[in-house]
There are 2 protein chains.
Amino acid sequence: MERLTIKDIAQMVNVSTATISNYLNGNYSKMSGKTRNKIEEMIRQTNYVPSTVARDLATNDSKTIGVSVADITNPFTSAVLSGIYETCGNLGYTVIFTNASGDAMQEIENINKLKRQEVSGLIIDPVDAQSPIFKTLNNKDAVMLDREAVNIQVDTVVTDNFNAVTHFVSMMKENGYDEMYFITWPIEQISTRVTRYQGFLDATGYKNDDHCIEISNPGGDDEALKTQLAEIMEDREETGKKIGFFSMNGKVLIRLIQAMRSINKQYPFDYGVGSYEDLDWMGIMKPGISCIHQDSAHIGETAVKKLISKLTSDDEPGKAQRIVVPTTLKLRESF
Amino acid sequence: MERLTIKDIAQMVNVSTATISNYLNGNYSKMSGKTRNKIEEMIRQTNYVPSTVARDLATNDSKTIGVSVADITNPFTSAVLSGIYETCGNLGYTVIFTNASGDAMQEIENINKLKRQEVSGLIIDPVDAQSPIFKTLNNKDAVMLDREAVNIQVDTVVTDNFNAVTHFVSMMKENGYDEMYFITWPIEQISTRVTRYQGFLDATGYKNDDHCIEISNPGGDDEALKTQLAEIMEDREETGKKIGFFSMNGKVLIRLIQAMRSINKQYPFDYGVGSYEDLDWMGIMKPGISCIHQDSAHIGETAVKKLISKLTSDDEPGKAQRIVVPTTLKLRESF
DNA sequence: CTGTTAGCGCCTTCAC
DNA sequence: GTGAAGGCGCTAACAG
């Protein structure tokens, strides 16, 4: 993919490679306007492009940041990645990206691979924030985001899950819902799920997990869910209580609505719903879905800025920080 | 991010760097089992990782493929990227990724940047397949996908847009739709849009563009669309014709449904709809949306395989090929 | 202003 | 089996 070297064009212009190098690095003060012009001309003519790998080797700085994402297929992730990419570009960094596809083992491999690539820094959207691999990270050159470890070792950018959910669910309660349910993929210590659930508990005041419905994420059939929902709804008919559901994310919401539909229940008449995550289709659903919106691209941007500021400063980073990014509410007609 | 070098561990084990290098490259036949063990042990102890950039420079082969995507935010794109990433990983390649965010200028920059990075090969999901930048590509080390140029210069992996749409729209006609409309973002010579539209024309037999509705993609307000739809629907009431719409993609479909709803029209009663693109929410829409499904990850996989087969073969690639990937239909209740 | 000269970390003959 | 030495393309002092 490459051909000419700095030496070639040095010969052609009849100067030393050092001068070309200086030209390449914008040190124009170190050469006459004349040679500068000649170099410029020659580079255009020959279509010469310097080798970044040689440069990286020489400077021992790749100006690339390695990214490991949990699952690129997730809309949240691609938005984050988009923010990361754009911000890196603005700051003169390249991104090399790896995808764990939701597999914690793959994630470990990815991180090792990135280290081998001599990236200047790491941004990680973890599958498993508790993975031992993260203990090997240095807070000087890494940032994590979204899911967080219980004792964070590196700066972590997270969404304001707790307050967002507390606020949202409180609103539902104010709207007269007597009984609320939190529906989610298995919580499994995953910080985002845990925190959203805590927000739910905080708003509702429930002391046990009777109002938490976990569904398996692979899909599978939802018979168990249907019967559980049927019972809840039946109960409602007897007591006349207004009941509401808060879904941990868009995919779970889809499952909920499908299951409800199969037992002939419609929101917002038979039940109220709200969801974490703001997806475009939520606006065109029969009654629109009220939800919590997080600015995913901004999360990526924040992570990059934090990382690069650490990379370019020479004082030690100190204790790992938790950087929280706010959310906004999108109120529609689903409750 | 790096510390030890090959020299360091050579000293520690008391052999030359060449031996270490041989070890690193699996040339175990070139050393005694004893030294091999010592080296292995030392590498584990010291946690030494060889520098890829030095290796790349020395071998002049980076084993990384550069990817330029049109817009990472598009679900199609992230699925493709996921396929690309996975396949590259299996084949021992790293991917470095750039995102044009739908901007043709940015795309040009990205491609130049990738070239500078000395990638072994390029995979491009173009914003503008006609961009002059693609004339600079070599069919030996590049593959394009999705959108294609009128005269392709490099192998291009595309979806079977024409047949998919022809087939789908024909089915709608068979279901009794007397009049069909194709709704789309501005076609603007973009091959995927052009081809889908041609499939539509083929199925319907329309000779002019009276049944093509273009909407602007930024969003904006859809007043024009609403009045246009209102007229069409009014006409329908007079003539009693059954009318159907085919949407070029999921986002356009959302706009269509929203506009229809604002004039109080519901599918499948007042009109029928179908769409290109299969998104998860289409299954939970009031009546489910019938659509055309494309296996995006498979497109990425196909592109990678084609590329790597070219990179590793030493005969010239010859004329650029068009590789078409099939689609499947998902029939639900929207028409 | 311009050229010389060491490296950067690894690979690869080519002798020993 | 092992080591010495040159080189990959570029940068960064240091001289001149």
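Protein chains get the first letters and strands the later ones, always in sequence-line order, with residue 1 at the start of each.
A/Asn112 places no side-chain N or O within 3.5 Å of a backbone atom of A/Glu109 that could act as its donor or acceptor partner. No donor-acceptor pair under 3.5 Å is formed between the side chain of B/Ser131 and the backbone N or O of B/Phe134.
When A/Asp141, A/Asn139, A/Asn138 are each tested for a side-chain hydrogen bond (donor to acceptor under 3.5 Å, both in side chains) with A/Lys310, only one passes: A/Asn139. Looking at A/Leu24, A/Asp61, A/Asn25 one by one, the single match for side chain to side chain contact (heavy atoms under 4.5 Å, CB included) with A/Arg55 turns out to be A/Asn25.
If you measure from atom NZ of B/Lys7 to atom P of C/dC11, you get 14 Å, rounded to the nearest angstrom. In this structure, CD of A/Glu118 is placed 8 Å from P of C/dG9, rounded to the nearest angstrom. Atoms CG (B/Leu4) and C1' (C/dC10) sit 14 Å apart, rounded to a whole Å. Between the CZ atom of B/Arg55 and the C1' atom of C/dG9 there is a distance of 11 Å, rounded to whole Å. Rounded to whole Å, atom P of C/dT4 lies 14 Å from atom CD1 of A/Ile6. Rounded to a whole Å, the CG atom of B/Asn60 is 11 Å from the P atom of C/dT12. Computed from coordinates, the B/Asp56 CG to C/dC11 P distance equals 10 Å when rounded to whole Å.
Side chains of B/Gln294 and B/Thr159: a donor-acceptor N/O pair is present below 3.5 angstrom, by distance only.
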Table please: side-chain donor-acceptor pairs of residues 74-92 of chain B below 3.5 Å, with sequence neighbours left out.
| from | atom 1 | to | atom 2 | distance (Å) |
| --- | --- | --- | --- | --- |
| B/Asn74 | OD1 | B/Phe76 | N | 2.8 |
| B/Thr77 | OG1 | B/Asp71 | O | 3.0 |
| B/Ser78 | OG | B/Pro75 | O | 3.2 |
| B/Tyr85 | OH | A/Asn110 | ND2 | 2.9 |
| B/Thr87 | OG1 | B/Gly83 | O | 2.7 |
| B/Asn90 | ND2 | B/Glu86 | O | 3.4 |

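When the local axes at the two ends of the helix from C/dC1-D/dG16 to C/dC16-D/dG1 are compared, using 5 base pairs at each end, they differ in direction by 40° after rounding to 10°.
Taking the charged nitrogens against the carboxylate oxygens, A/Arg322 and A/Glu148 do have a contact shorter than 4.0 Å, which makes a salt bridge.
In this model, the phosphate group of D/dG9 is not approached by any side-chain N or O of A/Ser51 to a distance below 4.0 Å at OP1 or OP2. For C/dG9, neither phosphate oxygen OP1 nor OP2 lies less than 4.0 angstrom from any side-chain nitrogen or oxygen of B/Tyr48.
In the region residues 25-43 of chain B, proximity to DNA chain D at under 4.0 angstrom, judged on heavy atoms, holds for B/Ser29, B/Lys30, B/Met31, B/Ser32, B/Thr35.
For the atom pair CD1 of A/Ile308 and OH of A/Tyr93, the computed distance is 5.0 Å after rounding to the nearest 0.5 Å.
With sequence neighbours excluded, no residue forms a salt bridge (charged side-chain N to carboxylate O under 4.0 Å, His left out) with B/Glu107.
The side-chain hydrogen bond (donor to acceptor under 3.5 Å, both in side chains) pairs that include a residue from residues 34-47 of chain B are B/Ser32-B/Thr35, B/Glu41-B/Arg44, B/Glu41-B/Gln45, where partners are two or more places apart or lie in different chains.
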* Test side chain to side chain donor-acceptor pair (under 3.5 Å) on B/Thr136 and B/Lys115 and set out the steps. => CA-CA 11 Å; B/Thr136 71; B/Lys115 285 185 173 177; 2.9 Å; yes
Tabulate protein N/O versus nucleotide N/O from nucleotides 3-7 of chain D, keeping only pairs under 3.5 Å, one per line.
| from | atom 1 | to | atom 2 | distance (Å) |
| --- | --- | --- | --- | --- |
| D/dG3 | OP2 | B/Ser16 | N | 2.6 |

